[in-house]
Amino acid sequence: GCRDDIMVYLMYKGLDPSDAFKIMEAVRKKDKQPSEEQIQLMRDHNVPDWYIKSCLKIQYMFPRAHAVAYVMMSFRMAWYKVYYPREFYATYFTSVVSDFDSETILKEPDAILEKIDLIKAKGQAATAKEGSEIIVLEVAYEMYARGFEFMDMKLGLSDAPKFDVVDGKVLLPFMALSGMGETAAKSFAEEYKIKPYDTIEEITKRAKVNKASIEALKARGVLKGLPE
């Protein structure tokens with residue numbers, strides 16, 4: 001049922017639309033209940049006792065339009081997930097890039113399941129961030145299960161915050177690198193577009209990327225072939 005059903009039913013029982021609306025609002029709001037006058041009004045219009053008691057128990061109800069909007073959104077997401085799966089995953093991961101554990105996810109399915117089990121084993125001791133990471137790990141696992149692959153970040157190809165689809169794979173952005181903030185990632189990607197880097201030292205000077213991020217980029221092979 002939806003909150004709209006209360007108003008429509010009470011109007012059907014003969015209540016004035018304004019009274020029906022006010023009772024509906026009292027029922028659906030967590031911190032309110034119908035008043036004694038409203039309860040008596042319902043009784044005067046032969047509203048059954050079981051219905052009145054239900055109105056006193058209910059703490060919240062969805063509006064019908066809101067429920068329909070959620071269903072429509074679900075169908076849209078499902079459509080993209082079926083017909084444009086790589087683009088769907090790229091878009092989803094872009095929205096949760098701060099919770100994307102690239103080191104674990106690039107090790108493929110078994111490592112993902114191990115990380116999920118590790119976080120769940122912590123129980124209440126798990127942080128809010130780890131709780132958010134579980135959902136991202138599950139979606140990454142699903143993506144692998146459907147036969148799709150990731151491509152690690154590449155200089156000249158990767159964006160700063162956005163995942164992309166290249167050669168049929170989901171390409172990681174620079175922000176997916178642990179410790180690489182949005183400002184540094186954008187500067188790193190944009191400076192390269194202006195002029196490719198000739199040395200690693202040039203990256204620190206032009207893009208203002210710190211030493212820790214430089215080391216992380218090296219470890220992932222992003223700076224392969226660039227002299228110090």
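Keep in mind that what you see is a predicted model, and the values were worked out from it rather than measured.
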Is the closest basic N to carboxylate O distance between Lys107 and Asp110 below 4.0 Å? no
Assigning hydrophobic clusters by single linkage (Ile, Leu, Val, Met, Phe, Trp, Tyr; side-chain heavy-atom cutoff under 4.5 Å), is Ile135 placed with Phe100? yes
Passing option when Glu191 is tested against Arg206, Lys208, Lys205 for salt bridge (charged side-chain N to carboxylate O under 4.0 Å, His left out): Arg206
Do you know which two heavy atoms are closest between Tyr51 and Ile6, and how far apart they sit? OH-CA, 3.5 Å
For a side chain to side chain contact (heavy atoms under 4.5 Å, CB included) check, start with the C-alpha distance between Leu171 and Val165, then their side-chain angles and the critical distance, and finish with the verdict. CA-CA 6 Å; Leu171 176 69; Val165 178; over 6 Å; no
Parallel, tilted or perpendicular: which describes the rings of Tyr9 and Tyr12, with under 30° parallel and over 60° perpendicular? tilted
Is the shortest side-chain heavy-atom distance between Ile116 and Glu138 below 4.5 Å? yes
Are Arg220 and Leu106 packed together at the side-chain level, in the sense that at least one heavy-atom pair is separated by less than 4.5 angstrom? yes
Has Thr94 got a side-chain atom pairing as donor or acceptor with Ala90's backbone, closer than 3.5 angstrom? yes
Is the Tyr197-Phe188 ring centre distance short of 6.0 angstrom? yes
Met77 with Phe163, same ILVMFWY side-chain cluster at under 4.5 Å: yes
Treating Ile, Leu, Val, Met, Phe, Trp and Tyr as nodes and any side-chain heavy-atom pair under 4.5 angstrom as an edge, say whether Met72 and Tyr83 lie in one connected cluster. no
Any donor-acceptor N/O pair, Ser102 side chain to Leu177 backbone, under 3.5 Å: no
In short, Val97 meets Ala176 closest at the heavy-atom pair CG2-N, 4.0 Å
Is the Trp79 to Phe75 ring centre distance short of 6.0 Å? no
Donor-acceptor pair, Asp167 side chain versus Lys169 backbone, under 3.5 Å? no
Minimal non-hydrogen separation, Pro34 against Val27, with atom names: CG-CG2, 3.8 Å
With a 4.5 Å heavy-atom cut-off, do Leu226 and Thr199 have their side chains touching? no
Whether Arg64 side chain and Cys2 backbone form a donor-acceptor pair below 3.5 Å: no
Can Lys218 and Glu215 be counted as an ion pair, charged N to O under 4.0 angstrom? yes
Should we say atom NZ of Lys195 is surrounded by more than 12 heavy atoms from elsewhere, each under 6.0 Å from it? yes
Side chain proximity check, Asp101 to Lys115, heavy atoms < 4.5 angstrom: yes
Any salt bridge between Asp159 and Lys186, counting N to O under 4.0 Å? no
One pair to check against side chain to side chain contact (heavy atoms under 4.5 Å, CB included): Phe93 and Met143. What are the steps and the verdict? CA-CA 11 Å; Phe93 290 127; Met143 191 185 110; 4.0 Å; yes
With a 3.5 Å distance limit and no angle check, can you tell me whether Tyr144 reaches the backbone of Ile105 through a side-chain donor-acceptor pair? yes
State plainly whether one hydrophobic cluster holds both Ile194 and Leu223, where clusters connect Ile, Leu, Val, Met, Phe, Trp and Tyr through side-chain heavy atoms under 4.5 angstrom apart. no
Using modelled atom types only, decide if a donor and an acceptor are shared between the side chain of Ser187 and the backbone of Thr183 within a distance under 3.5 Å. no
Backbone N or O of Glu37 within a donor-acceptor pair of the Gln40 side chain at under 3.5 Å? no
Verify, without hydrogens or angle tests, whether Lys129 (side chain) and Ser98 (backbone) share a donor-acceptor contact under 3.5 angstrom. yes
Do Val170 and Asp164 have side chains that get closer than 4.5 Å, going by heavy atoms? no
Determine whether Lys122 and Glu130 satisfy the following criterion, side chain to side chain contact (heavy atoms under 4.5 Å, CB included), listing intermediate values before the conclusion. CA-CA 10 Å; Lys122 291 183 179 182; Glu130 286 175 323; 2.5 Å; yes
Within 6.0 Å of NZ in Lys162, more than 12 heavy atoms from elsewhere: no
Is any side-chain heavy atom of Phe21 closer than 4.5 Å to a side-chain heavy atom of Leu10? no
What are the two closest non-hydrogen atoms of Gly181 and Met175, and how far apart are they? O-CG, 4.2 Å
Does any N or O in the side chain of Ser158 come within less than 3.5 Å of the main-chain N or O of Leu172, such that one atom is a donor and the other an acceptor? yes
Are the side chains of Met153 and Pro173 in contact, using a 4.5 Å heavy-atom criterion? no
Out of curiosity, does Leu56 fall in the hydrophobic cluster containing Tyr60 (side-chain heavy atoms, cut-off under 4.5 Å, transitive links)? no
Would Glu142 and Lys81 count as a side chain to side chain contact (heavy atoms under 4.5 Å, CB included) if you check the C-alpha gap in whole Å, the side-chain angles of each, and the deciding distance to 0.1 Å? CA-CA 11 Å; Glu142 174 194 278; Lys81 205 169 184 181; 2.9 Å; yes
Flag side-chain contact, heavy atom, 4.5 Å: Met42 against Ile23: yes
Under 3.5 Å, side chain of Glu202 to main-chain N/O of Asp198, donor-acceptor pair present? yes
